[in-house]
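A short write-up of the structure that comes next.
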Amino acid sequence: MKAASLHELDDDKPVETNVDGTDIVLVRTEGDVFAISALCSHAAVPLVDGDVEKCALECYMHGAMFDLRTGKPLSLPATEPVPVYPVTIDGDDVLVDVDNPMKES
């Protein structure tokens, strides 16, 4: 489903949106667009307010970093991953498949 238009996304600036009842954060960085759960797995804090660095999103509250590609925590205090979702770009449309979160490998 369409989550946003590509022209609405600035590099390294998270944007929160809702796709079919699922709150997600879109991040355009390093030439790609990523979709990650809107809430930190550590304390349910909104990730949209975090900073983007090296394909990771930092939770502003406690500093936990999440890999935008996998959702895996890269630093404490988070120990559980957050869901990430497949993104497809179709022209200017950013499409996110919230029904099929990507599995950890």
Side-chain contact, heavy-atom cut-off 4.5 Å: [X] with [Y]?
{"X": "T70", "Y": "V84", "answer": "no"}
{"X": "R28", "Y": "L6", "answer": "yes"}
{"X": "D23", "Y": "L39", "answer": "no"}
{"X": "L26", "Y": "V96", "answer": "yes"}
{"X": "P14", "Y": "V52", "answer": "yes"}

ILVMFWY network linking [X] to [Y], side-chain heavy atoms under 4.5 angstrom:
{"X": "V33", "Y": "V19", "value": "yes"}
{"X": "V94", "Y": "Y85", "value": "yes"}
{"X": "M65", "Y": "V45", "value": "no"}
{"X": "F34", "Y": "V98", "value": "no"}
{"X": "V25", "Y": "M102", "value": "yes"}

[atom1]/[X] to [atom2]/[Y] distance, rounded to the nearest 0.5 angstrom?
{"X": "L74", "Y": "K54", "atom1": "CG", "atom2": "NZ", "result": "11.5 Å"}
{"X": "E16", "Y": "L47", "atom1": "CD", "atom2": "CG", "result": "9.0 Å"}
{"X": "D32", "Y": "I89", "atom1": "CG", "atom2": "CD1", "result": "8.5 Å"}
{"X": "H42", "Y": "T79", "atom1": "NE2", "atom2": "OG1", "result": "8.0 Å"}
{"X": "K2", "Y": "D93", "atom1": "NZ", "atom2": "CG", "result": "4.0 Å"}

Shortest non-hydrogen separation from [X] to [Y] and the atoms involved:
{"X": "F66", "Y": "P73", "answer": "CD2-CA, 3.9 Å"}
{"X": "P86", "Y": "P101", "answer": "CD-CA, 4.5 Å"}
{"X": "C55", "Y": "E30", "answer": "N-OE2, 3.3 Å"}
{"X": "G63", "Y": "E58", "answer": "CA-OE2, 3.6 Å"}
{"X": "A3", "Y": "I24", "answer": "CB-CD1, 4.4 Å"}

### Query
Among D10, D11, D12, which residue meets the side-chain hydrogen bond (donor to acceptor under 3.5 Å, both in side chains) test with T29?
D12

#### Entry: K13, NZ: over 12 other non-hydrogen atoms inside 6.0 angstrom
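No, because the 6.0 Å sphere around NZ of K13 holds 12 heavy atoms or fewer from other groups.
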
